[in-house]
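One structure is given below, encoded as structure tokens.
So that the names make sense, note that chain A is the first sequence line, chain B the second, and so on, each numbered from 1.
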Amino acid sequence: VNEVRIDPITGEWALFADHRYDRPDMPPPEFCPFCPPGSGSYPSELTRPDYDAVVFDNQFPSLVAAPSGPSVADNDLYRVMWRRGAAEVVLYSSDHGATLRHLPRRGVRHVIDVWCDRYLELGSRVEVEYVLVFENRRASGGATIEHPHAQIYGYPAIPPRIAQELAACRAHLERTGSCIFCDIAVWESAQVERVVCETPGFLAVVPFCARWPFEVHVLARRHAGDLVGLTEPERDDLASVLIRVLTAYDELFGKPLPYVMAVHQTPTDGQDWEPVSHLLIELMPTQRTADRQKVLAGSELGAGVFVSEMSPEEAARRLRAALSDAG
Amino acid sequence: MSSRDANLEKDRWLVRSAAVVVGGGDAPRSELLTARARVYCRASTADVLGICRLPASVLVDVPPAVEPALRLFLPRLAGGDALSRGERYYDVRSALLAWPELVAAARHLAGAGPDAADELVALAVHENLFNVVAAMTFAFWESCCDEPEDVEERSPTLSFLLQVLPALARLHLARALGPDVAGSPPVVDWDCLHAVGRDFPRAWPLRPLREFDNKPRVLNEVFYLHDQVRAHWPFDAVVFPLYGALTLAAYFSALEALRWGDPNSRRVPAVLVRLGLYERGPASFRTPAGDLDVDHLLPRPWHERTREALSGRRVLVVDDNSATGRTLRACREFVVQCGGQPLTRSAETSWELIGRRSSPGPCFEGVDLPGLRTNMSHDLHRSLVALLLRQRWDEYAARAQRLGARSFSAALSENYAAARGETALRPTQRQSVELEFAHARRNWREPGYPPAPSSCGLPWEGFPDGVRRWALGKPAHEAGCAGAPAVAGAESFVLAAGSVTRIRVVATGPGRLRAQLAGWSTAVDLAAGPNQIDLDVEAPATAGGHHLVLEISAPAARRRYPVHVVATRPVPGTFRVMGDAATAAAVRLVGAGVNDHVGPLVIGEDAFIPVFAKQLGATLRAGATALVLAQGPEAAALFPLPAHLEPVPDHHVRFTTKHPALASLPRHRRLSFEDAAMRPRAMFSRLGEGPWAGEVALGMLAADGCGRGTLIGAQPVGPGRLIVCQLPLVGPALAGHPAALGLLADLLRWAGGAARLLRREDVVLPDGRSMSYYARPEGDG
């Protein structure tokens with residue numbers, strides 16, 4: 001199986017790459033393939049003993065530049081895409097125990113600059129029409145290796161959720177003449193109750209319709225579609241906001257909180273998305289209490305309705321308190 | 001399944017396919033191979049035979065193992081500065097006299113990697129070798145059929161040649177499409193191949209090259225089979241009637257191997273049958289009982305194999321061209337004899353012949369899928385080649401130019417219109433023509449043998465990915481742009497979002513003209529004779545690519561003109577503008593502030609004087625960004641890095657990359673500036689280390705690959721960043737030119753973005769994966 005299949009009813013995608021069965025799953029630190037060579041008995045994927053940040057092609061890629069053909073033919077009913085694109089790993093630090101939160105601010109800023117460079121690099125490829133930077137933290141956040149890292153996927157088309165987001169932005173633009181995320185940033189900043197933290201350039205809020213407990217959206221206050229469009233001070237601001245949100249997460253239950261982080265940026269398909277594309281970083285923790293995981297169940301999976309026992313306003317209050325406790 | 005049922009099923013398929021096209025959906029899969037082939041096919045100009053002119057400079061630094069073959073196979077043209085195909089390309093017998101040199105060159109290039117010689121040289125050597133091997137293959141095939149007593153002795157050689165031919169096609173494709181998609185090179189037993197040519201019986205007849213063997217043309221057809229025909233009618237085997245379709249068969253097999261990543265893939269067998277000869281018709285192979293004489297179609301050891309390959313399968317028969325349809329009809333019979341279910345396809349069709357017929361004849365009985373290409377008659381081809389071989393260059397050039405005067409698009413449109421009006425075609429055939437036309441409009445090009453872009457130092461992604469689909473030709477036949485701003489990519493109109501622009505359309509009536517652009521449309525009645533109509537076209541509010549569609553009802557014709565819509569949005573921030581007041585005014589016009597002390601530095605057009613050089617250096621040393629607008633060649637010495645500005649040569653093409661900073665320009669496209677208001681006067685043939693800036697947004701490349709430069713790009717200078725733009729923007733922007741306003745706004749936004757540049761070092765891991773180490777900027781702790 002070696003393709004992207006498109007659901008004829010919902011338009012959702014399912015990516016099949018059976019070679020990923022063999023990838024490592026949470027090896028202990030001494031067997032970490034992302035630690036520099038010489039730090040353990042296990043062979044490292046790296047070639048140097050130290051680095052600030054490093055990016056490399058995923059050894060078990062979901063998407064590749066030149067895939068072999070799909071196992072099934074597509075037709076009018078069932079659409080199939082080749083799983084062409086890119087899949088990369090971004091290591092933040094050579095220190096196995098480091099996390100994004102624990103990097104110095106200039107270190108996080110460096111990671112943001114690296115994300116920018118990869119966005120430009122992958123986005124310029126013919127086969128990549130959308131670049132998604134994401135981080136899965138800890139096993140319940142989807143990570144299979146503990147070493148601090150993010151991943152970048154270059155998709156061959158705009159993924160359905162992003163397309164839905166852009167369509168909503170365009171509808172709002174046509175109805176009101178303004179960007180919906182710009183409007184949200186102004187509204188939330190004025191209402192305060194869902195704000196976790198803010199800087200002159202960015203705003204971190206628990207979204208009005210949060211799906212996950214303690215979900216946070218980091219929004220650019222200015223209408224910038226991607227990380228590349230940020231100014232120097234804005235990138236520094238973003239680094240600060242990310243550190244503060246992650247600090248709040250880790251202080252919330254007194255232990256590292258698993259999460260999934262996804263960076264939504266302008267598609268790289270050559271169309272002009274500028275009016276409707278607004279930089280958004282989604283952070284979705286997968287724990288609802290200190291020891292209980294948020295599990296997607298009947299309502300979420302069967303009907304797409306997320307059920308939560310805590311209001312976004314209360315979640316924001318707790319995150320602010322956690323941040324305050326952390327000093 | 002009875003033949004009637006089979007025909008009904010095919011008809012259903014054709015109707016379904018046509019319905020898909022009419023519905024506008026179901027674009028062909030656009031995976032990497034297709035994209036690369038498109039780039040490969042588009043990147044060249046050639047004459048009617050697909051002959052290119054190679055610059056003599058490709059001979060510089062040619063490896064010693066290759067040089068003798070080049071001397072023999074690529075003779076210099078009369079002027080001495082260009083090379084072309086010569087006698088040995090068309091006359092295989094004379095090519096065999098230089099066989100050792102040719103094999104030695106190909107063997108060296110196959111084993112030496114992509115940097116061993118100029119790409120053009122490598123492609124030429126591989127192509128010549130392929131042609132000779134194809135001719136030898138057919139000669140062995142004929143001998144095995146006509147002299148069955150020797151078949152045991154000769155069939156091993158024939159088997160070897162039939163294996164080598166797709167391998168050579170793969171070698172050629174690896175050069176043309178890039179080694180990353182071609183995978184590991186195929187294994188060729190060069191010693192054995194050399195021996196076959198050396199011992200080839202000199203008395204045997206050898207067929208000359210066919211006009212259809214122009215490789216980009218072959219690739220277009222093979223991709224059409226893969227992307228369109230197979231998508232709707234999943235065939236299990238393909239029959240290629242010799243001799244004409246032999247090249248098609250080899251490239252089909254090679255591409256099949258690339259698609260599946262398996263050099264030995266036999267998922268869809270390509271079956272050769274000796275039908276459709278160059279000089280004799282398929283009737284030569286009829287038995288008295290009326291059946292096809294299999295002994296003469298296939299060498300004896302192939303009989304059972306072929307029957308097994310076709311029995312019970314859906315078989316596509318593909319011939320290179322169809323004039324009377326007899327070959328395809330005979331192939332259809334042969335497939336049925338073998339128990340298969342046939343569908344036939346001609347890559348070229350003699351539309352002229354159809355038009356001359358007074359009543360519907362049998363021409364298309366055997367052709368389910370007639371091609372939209374025009375069939376060039378063999379006589380015409382032979383006479384052109386004869387002129388070449390006699391070195392009557394001028395006569396050849398004049399005739400080739402006359403024959404090739406119409407663009408591929410124009411020829412295609414004419415054939416399409418002819419097909420739609422052709423009463424001899426069945427409705428399903430007409431629908432298949434619609435399908436092919438839709439595909440051609442999206443994907444096909446009619447180039448010749450191209451220079452290979454990969455030798456030019458930029459990644460593939462930086463190269464022109466689109467040329468104008470419809471040439472803007474003479475105004476009597478085309479839409480023209482009246483009163484609209486001149487164009488920044490002349491392949492499209494550039495319009496401001498939401499604006500109304502008057503477009504002049506010339507059309508011949510009587511009939512009705514319908515025009516549509518995004519949500520806007522109008523219809524006008526045409527009087528008899530030529531009409532000149534001014535349409536007030538409303539540009540959509542959505543920026544990006546659109547199409548203006550013009551349709552005329554009688555005779556039915558449709559043309560699409562790319563329209564690029566630019567939206568100018570205010571630029572935030574302030575800029576230090578140095579230079580004339582006009583530059584400052586243009587900066588203010590796009591919404592930015594102008595200040596003497598704060599913000600990124602902007603040096604105005606033609607205003608770079610020594611006193612500003614000092615401030616530019618200081619700005620960059622401080623880690624900030626500077627934007628230098630278009631300057632003349634004399635300003636090159638003032639840049640704080642090695643720079644050379646030279647006049648823009650006419651024969652260079654301009655291309656954009658996918659750089660996200662310039663949303664106003666069409667991305668990844670080849671641009672034309674011939675009729676634009678923003679014609680660059682000079683380009684950076686050097687900026688820092690070489691002709692390409694660190695980030696190229698708009699570049700130039702000589703058509704022959706021997707010249708390149710940057711028009712818009714960014715280059716790190718110490719801790720700072722220098723952005724340069726050699727398009728004159730200020731004047732057109734002040735005049736309200738939407739593309740100039742949009743570009744200026746983009747550049748200012750780019751300059752206002754973060755300047756910090758990373759230090760990055762790329763390495764390749766032993767398993768072929770790439771890895772990039774990023775170091776923090778200097779002074780960042």
When you check the side-chain N and O atoms of A:His264 and A:Asp226, is any donor under 3.5 Å from an acceptor?
no
Salt bridge check: are B:Asp236 and B:Arg314 linked by an N-O gap of less than 4.0 Å?
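Answer for the salt bridge query: no.
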Short N-O contact, A:Glu165 and A:Arg170, less than 4.0 angstrom:
no
Side chain / backbone / both / neither for [X] at chain B, heavy atoms under 4.5 Å:
X       : value
A:Glu88 : neither
A:Arg48 : both
A:Leu46 : both

Ring pair (Phe, Tyr, Trp, His ring centres under 6.0 Å) evaluation trace for A:Phe34 with A:Tyr92
CA-CA 10 Å; A:Phe34 292 170; A:Tyr92 303 149; over 10 Å; no
Pick from A:Leu227, A:Val55, A:Thr47 with the largest number of heavy-atom pairs that fall under 4.5 Å of chain B:
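Counting heavy-atom pairs under 4.5 Å, the top option is A:Val55.
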